[in-house]
Structure formats: C-alpha cells, structure tokens
Amino acid sequence: MPGYERLWRRVLAVAIVGGPLGYAVGSILIPSVHEDGATSIAANAAANPITNAVHLVAYVLASFLLPLGAVGLAYLAYARAPRLATIGGLLAVVGWLPFSALTALDDVSMAMAALPDSGSYATLLDRFANDAVMGGYLLVYVVGHLVAYVLLAVALRRAGVIPRWAAWSMLVSSPLTVAAFVVPGRPIVLGDVALALLVIGSIPAARAMATRHRLGH
C-alpha cells in the first residue's frame with residue numbers, strides 16, 4: 001500500500017472511532033443539555049472549570065472528526081452497498097457539520113457564566129439558541145446524523161465490513177438518542193448509553209479501514 005494511502009486510511013480510521021469517542025467524553029462532562037439560558041449559565045458557573053474545558057475540547061475535536069469518520073464509513077460500504085452508503089454518508093456529513101455551531105453555543109454559555117452578573121445574559125442566550133439559524137442547524141443535525149447511522153449500519157453489515165453485533169450497536173444508538181429527549185423525565189443517561197454503543201460499534205469499522213487493502217475486500 002502506498003504511503004499516502006496508508007496515511008489517509010489511518011486518518012479515517014482515527015476519525016471513525018475518535019469522533020464518537022470525543023462526542024461521548026464531551027457529553028459525559030457537559031454541565032447542561034438543551035436547557036434554557038438561565039439554567040445553562042448557572043450550570044456552567046457551578047461546573048468544575050477543568051472538566052468543563054475538557055468537555056469543550058472534546059466537542060471541538062469531535063466536530064472535525066465526525067464528518068471525516070462518516071466519509072470513512074461510507075467508503076467502506078460503498079463497493080457492496082453503494083446506494084445506502086452514498087445516502088447514509090451524505091446525510092451523516094451534512095448532519096455533523098452543524099455540530100461546530102452547537103459547540104460554539106456551549107462556548108458562549110461558558111463565556112457568559114464567567115462574566116459579572118452572568119444571569120443577566122440568560123435572555124440573550126435564549127434568543128440566540130432558539131433563533132431561526134440555530135434552530136435550523138439543530139434540525140439538520142438531529143435528522144441528518146440519526147438517520148445516517150441507521151443507513152450506514154445496514155450498509156456496513158450488508159457489505160460484510162462489520163459483524164452483526166457492531167451493526168446493531170451502531171443502529172440502536174439512534175433511537176436511544178431520541179428516547180433520551182422524548183421519554184418522560186428526559187433520562188439523559190440514555191444519550192450516554194447511545195454514544196457508548198456508537199463508539200463500540202465503530203471500532204470494527206475503524207479496524208477495517210486501517211487494515212483492508214482494497215475497497216470491498
């Protein structure tokens with residue numbers, strides 16, 4: 001295998017598992033999840049500054065790796081499941097691109113929490129987080145990446161790239177993520193479980209990317 005091909009395969013392999021891992025770490029450490037402005041600012045003000053900074057760094061890294069990882073997953077499945085791989089890959093890339101904007105929203109919340117009289121910025125944060133631009137980003141993010149991982153899991157299994165358990169692990173992560181926000185009481189822990197399943201399911205795909213010599217073999 002030429003050196004340049006070995007390099008980009010390793011980059012994609014890291015992205016396939018590193019993106020979900022960074023997302024999982026950031027989500028475990030995040031002070032608040034989709035709360036109103038006052039609650040988000042108060043949670044950031046009370047949070048440990050080190051773990052809060054780690055959450056933000058993990059999200060920033062994930063925002064770069066997740067779209068790359070989606071390309072890698074689609075590439076792995078393309079030879080034997082071209083339609084599913086193409087649709088799933090495009091949805092995943094488009095769905096993950098707004099993650100940077102959503103990460104910036106966390107950064108804004110942290111910055112506001114560090115200012116004097118931080119509670120006075122709650123209305124501004126609410127307006128910013130709920131305006132048409134951020135709402136559009138959130139909608140594309142939710143629909144795009146959740147549907148994509150169902151399609152990519154099926155495509156990867158159909159292509160024989162990952163074992164059945166890994167495909168199911170990846171696929172189940174999407175409905176579990178939805179359940180974390182629609183089940184009464186909003187058990188956010190379901191979102192953490194979903195991300196853990198996505199990381200676990202991505203490991204065989206990352207290994208295949210790093211070790212397979214040819215597309216579809």
Side-chain angles (χ1 to χ4, degrees), residues 11-12 14-37 39-41 43-44 52-75 84-112 121 124-153 170-171 173-182 186 188 190-192 194-199 201-202:
V11 169
L12 290 178
V14 169
I16 286 171
V17 72
L21 182 60
Y23 191 8
V25 170
S27 296
I28 291 171
L29 299 178
I30 191 172
S32 65
V33 181
H34 298 299
E35 302 287 355
D36 60 86
T39 302
S40 296
I41 292 173
N44 275 275
N52 208 6
V54 172
H55 125 251
L56 195 61
V57 170
Y59 270 7
V60 170
L61 291 174
S63 70
F64 288 99
L65 294 177
L66 287 165
L68 283 175
V71 172
L73 293 176
Y75 171 84
L84 282 175
T86 299
I87 297 171
L90 288 174
L91 280 175
V93 171
V94 172
W96 282 127
L97 287 177
F99 191 70
S100 294
L102 300 175
T103 299
L105 185 59
D106 285 356
D107 191 24
V108 169
S109 301
M110 289 176 60
M112 289 179 171
Y121 300 101
L124 174 60
L125 183 58
D126 279 331
R127 289 186 178 180
F128 176 62
N130 298 307
D131 67 9
V133 173
M134 293 304 296
Y137 277 140
L138 183 61
L139 180 63
V140 171
Y141 158 74
V142 170
V143 175
H145 87 274
L146 291 183
V147 174
Y149 276 100
V150 173
L151 298 179
L152 288 172
M170 190 179 293
L171 188 151
S173 68
S174 289
L176 267 181
T177 300
V178 175
F181 295 97
V182 301
R186 291 184 63 197
I188 301 301
L190 290 179
D192 295 333
L195 287 171
L197 288 174
L198 184 57
V199 172
S202 298

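Quick caveat: nothing in here was measured; it's all calculated off a predicted structure. Residue numbers count from 1 along this sequence.
- Ser40 contributes no side-chain N or O that, together with a main-chain N or O of Gly37, makes up a donor-acceptor pair within less than 3.5 Å.
- Atoms CE and CG, on Met170 and Leu198 in that order, are 6.0 Å from each other to the nearest 0.5 Å.
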Give the table of side-chain donor-acceptor pairs shorter than 3.5 Å for residues 85-97, with sequence neighbours excluded, one pair per line with atom names and distance.
unit_1: Thr86; atom_1: OG1; unit_2: Pro82; atom_2: O; d: 2.7
unit_1: Trp96; atom_1: NE1; unit_2: Tyr149; atom_2: OH; d: 3.3

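- Note that CG of Leu68 and CG of Leu73 are 11.0 Å apart. Values are rounded to the nearest 0.5 Å.
- Atoms CE and CG, from Met112 and Asp107 in turn, are 10.5 Å apart once rounded to the nearest 0.5 Å.
- Taken from OH in Tyr121 to CD1 in Ile41, the straight-line distance is 9.0 Å, to the nearest 0.5 Å.
- Remark: Ile188 engages Val33, Phe181, Arg186 in a side-chain contact (heavy atoms from CB on, under 4.5 Å) (not counting sequence neighbours).
- In this structure Ala53 satisfies the side-chain contact (heavy atoms from CB on, under 4.5 Å) test with no other residue, sequence neighbours excluded.
- Here the CG-NE2 distance, from Leu102 to His34, works out to 7.0 Å after rounding to the nearest 0.5 Å.
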Counting only pairs under 3.5 Å, give me each side-chain donor-acceptor contact of residues 127-135, with atom names and distances, residues two or more places apart or in other chains.
unit_1: Asn130; atom_1: ND2; unit_2: Asp126; atom_2: O; d: 2.9
unit_1: Asp131; atom_1: OD1; unit_2: Val133; atom_2: N; d: 3.3
unit_1: Asp131; atom_1: OD1; unit_2: Met134; atom_2: N; d: 2.9

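- Val57 has its side chain out of reach of Val25: every pair of non-hydrogen atoms, C-beta onward, lies at least 4.5 Å apart.
- Ser27 meets the side-chain hydrogen bond (donor to acceptor under 3.5 Å, both in side chains) test with Tyr59; sequence neighbours excluded.
- For Asn52, the side-chain hydrogen bond (donor to acceptor under 3.5 Å, both in side chains) partners at least two apart in sequence or on another chain are Asn44, His55.
- Applying the side-chain hydrogen bond (donor to acceptor under 3.5 Å, both in side chains) test to Asp36 and every residue at least two apart in sequence or in another chain returns Thr39.
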Show me, pair by pair, the donor-acceptor contacts under 3.5 angstrom made by side chains of residues 15-22, not counting sequence neighbours?
none

Only distances under 3.5 Å count here; give the side-chain donor-acceptor pairs of residues 137-148 to other protein atoms, sequence neighbours excluded, each with its distance to 0.1 Å.
unit_1: Tyr141; atom_1: OH; unit_2: Tyr23; atom_2: OH; d: 2.1
unit_1: His145; atom_1: ND1; unit_2: Tyr141; atom_2: O; d: 2.5

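- Here CG of Leu197 is found 6.5 Å from CG of Leu176. Values are rounded to the nearest 0.5 Å.
- With sequence neighbours excluded, the residues satisfying side-chain contact (heavy atoms from CB on, under 4.5 Å) with Ala180 are Leu190.
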